[in-house]
2 protein chains.
Amino acid sequence: MTLRRSLLTLALALSPLPLLAADAPAKYRSAQEIIDASPASDWHTPAPENLLYMDVDGGRVIIELAPDFAPEHVGNIRTLAREHFWDGLSIYRAQDNFVVQFGDAEADDAAKARSMGSARTHLPAEFQRPAQGLAFTALPDRDGWATQTGFVGDFAVGSDGQHSWLAHCYGALGAGRNNAEDSSLGAELYVVIGQSPRQLDRNITLVGRVLKGMELLSAIQRGPEPMGFYDDAAQRTPIKAITLASTLPVEQRVPLQVLRTDSKTFAATVEARRNRVDGFYKRAAGHIDLCNIPLPVRVGSAVK
Amino acid sequence: MTLRRSLLTLALALSPLPLLAADAPAKYRSAQEIIDASPASDWHTPAPENLLYMDVDGGRVIIELAPDFAPEHVGNIRTLAREHFWDGLSIYRAQDNFVVQFGDAEADDAAKARSMGSARTHLPAEFQRPAQGLAFTALPDRDGWATQTGFVGDFAVGSDGQHSWLAHCYGALGAGRNNAEDSSLGAELYVVIGQSPRQLDRNITLVGRVLKGMELLSAIQRGPEPMGFYDDAAQRTPIKAITLASTLPVEQRVPLQVLRTDSKTFAATVEARRNRVDGFYKRAAGHIDLCNIPLPVRVGSAVK
């Protein structure tokens, strides 16, 4: 019986077949091989004032905030984290192929809602920002949702040349809102767990992304259709704490490193994914979508 | 405190704001409103010889097979189901943002592997087929992975005009293989549970899609990185049975109906998603990707 368990293996063997993509390199290197050969200078450590540690029973989710795109929301989120707003609250919604949402399940009930402390109670919508002033690393392929896509720092971004915005890729963190576009505060947050709902781009303020621990959010039992809010509070996933890394002593911070999206190494991984031809892949796509590009993250020297 | 729980609500109210999309209809109807108003003739009942009921502890996953695209694999899968090949086997892999995989976890070990009974032990790869002879309902938007995308029956499809193929959208069912392209048999199967890995299109034989019960697969605890195969057999999800609906008495079949993708109703839901402007959405995308289009399914008269 054949090794059918090796489905989708990251085979290192070169393909004996003719390459189908005209521009495939003579010697194909996988994204992982390229990452393994990267110099230390291709990696950076996100600023601790932009990192949230979200602790749940299963482990830790590490989130990076995006002050370049949502400075007002990020400021509020930092305040809420410093004041332990989320500690003891929960993930109270899980809608399949869409989002998990967390914060105060009683936020709608003034009598039961947790105080937001010194956080602001009104913020402007931050759906997009001027493109100018951002170091944008463009992707080569056309995107249906935006004139141009690429990366700014650790974030997947769409742009029309005039404005740029965070994209609703898998793992994106957004600020829940009511119908009014300026009704989000950063207290109720959601993370994308399915096919990227890019139709939400520039309709909601995105505030960051998950760097590590997505499996702790994506495998949560879904709530009832259509929207996934649990009927029974016991089904919610408790949040032990959400902590801003910069408020912890240095030795308690996770030594997380992220591959720089403006590095040659990152560009080479993108190309390796665009034109993958190895023992397993027979036909190179010659294309990649923004949300199909994983961001390599490592703790110490181990890529996660 | 505002109703922040209403994030992404399917608001029925019309937007008081100016419409941003030039071609947005004067009176916006949501996809759900359009579905609710559909005539019975817009729905069809998939053939029972193409439906698999996969029963796990949490409930039933309903899968539709695609004999128009993978006739040899579908034939083998029907044989395997009739002979109860999967009953008592398991979902033995869950890789985050990629796939869950099921079948015989011991398939690699000739001494322990379950017999495939009268199923065939070699099949041709069925990565694509001639475009001719398919009733293809094209989508209006450009896709990066294929010259044209659309639907054939209940299936999301890419095409280059000469050939057509099933697309790796969320919920797609594929036949695991080894490095050889003709090494899949339909015994080890996977379902896409994250951002659509369209780079796999035409690299693996897709054999169908999940119609109902995705949340039973997508919320499974992930296995260890990188590939998600469980180290501990106790972490696997047992499969009680996979049953071909046509082998059951009619009264035991689920009365499932699917919205016809060649109906005006389906086209209208696609347009409502392409240009969504309601109380919540402020900016119409003017676009939709193939894998962002859900297929409406109902049991009896209830849309699920």
Side-chain angles (χ1 to χ4, degrees), chain A residues 1-11 96-97 99 101 107-108 110 113 141-145 169-170 176-179 181 183-185 187-188 190 194-199 202-203 214-215 218-222 225-227 229 273 276 279-283 285 287-289 291-292 304, chain B residues 1-11 96-97 99 101 107-108 110 113 141-145 169-170 176-179 181 183-185 187-188 190 194-199 202-203 214-215 218-222 225-227 229 273 276 279-283 285 287-289 291-292 304:
Chain A
M1 188 151 302
T2 55
L3 291 165
R4 278 169 289 137
R5 283 193 70 190
S6 65
L7 164 69
L8 313 181
T9 188
L10 298 163
D96 194 53
N97 195 16
V99 297
Q101 188 174 332
D108 290 350
D141 296 312
R142 183 168 163 155
D143 180 85
W145 308 90
C169 293
Y170 190 86
R177 65 166 172 84
N178 202 335
N179 277 355
E181 60 183 13
S183 57
S184 58
L185 296 171
E188 311 308 310
Y190 66 91
Q195 172 69 14
S196 303
R198 296 278 306 280
Q199 69 278 7
R202 294 186 282 174
N203 274 297
M214 263 307 291
E215 69 282 2
S218 57
I220 287 175
Q221 192 77 18
R222 308 315 191 221
E225 295 178 340
M227 292 183 63
F229 290 101
R273 293 180 188 285
R276 188 163 170 176
F280 190 83
Y281 278 75
K282 310 305 180 187
R283 183 188 297 269
H287 175 87
I288 199 161
D289 276 353
C291 294
N292 285 97
K304 296 297 284 183
Chain B
M1 188 153 303
T2 55
L3 290 165
R4 279 170 289 137
R5 282 192 70 188
S6 64
L7 164 69
L8 313 181
T9 188
L10 297 163
D96 194 51
N97 194 18
V99 298
Q101 188 174 331
D108 290 348
D141 296 312
R142 184 168 162 155
D143 179 83
W145 308 91
C169 293
Y170 190 87
R177 65 164 170 87
N178 202 336
N179 277 355
E181 61 183 14
S183 57
S184 59
L185 296 170
E188 312 307 309
Y190 66 91
Q195 172 69 15
S196 303
R198 297 278 306 279
Q199 70 278 5
R202 292 186 283 175
N203 274 297
M214 262 307 291
E215 69 283 2
S218 59
I220 286 175
Q221 193 78 17
R222 308 315 190 221
E225 295 178 343
M227 293 183 63
F229 290 101
R273 295 181 188 283
R276 189 163 168 177
F280 189 82
Y281 278 74
K282 310 306 181 187
R283 181 188 299 268
H287 176 87
I288 199 160
D289 276 352
C291 294
N292 285 98
K304 295 296 287 181

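Lettering of chains follows the sequences in order, A, B, ..., and the numbering in each one begins at 1.
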Top contributor to chain A contacts, counting heavy-atom pairs under 4.5 Å, from B/Cys169, B/Pro197, B/Cys291, B/Ala285
B/Cys291
Proximal component of A/Asn97, with respect to chain B [non-hydrogen, under 4.5 Å]:
both
Cut-off 4.5 Å, heavy atoms of chain A, and the answer for B/Asp141 is neither
Heavy-atom side-chain proximity of B/Arg276 to A/Gln199 below 4.5 angstrom
no
Residue from B/Glu215, B/Gln221, B/Arg198, B/Met214 scoring the most non-hydrogen pairs under 4.5 Å with chain A is B/Glu215
Using modelled atom types and a 3.5 Å cut-off, is there a donor and acceptor pairing between side-chain atoms of B/Asn203 and backbone atoms of A/Arg283?
yes
Looking only at non-hydrogen atoms, find the nearest pair between A/Ala219 and B/Ile220 and report the distance.
CB-O, 3.5 Å
Tell me whether B/Gln195 contacts the main-chain N or O of A/Ser196 through its side chain, where contact means a donor paired with an acceptor under 3.5 Å.
yes
Is any side-chain heavy atom of A/Asn178 less than 4.5 Å from a side-chain heavy atom of B/Phe280?
no
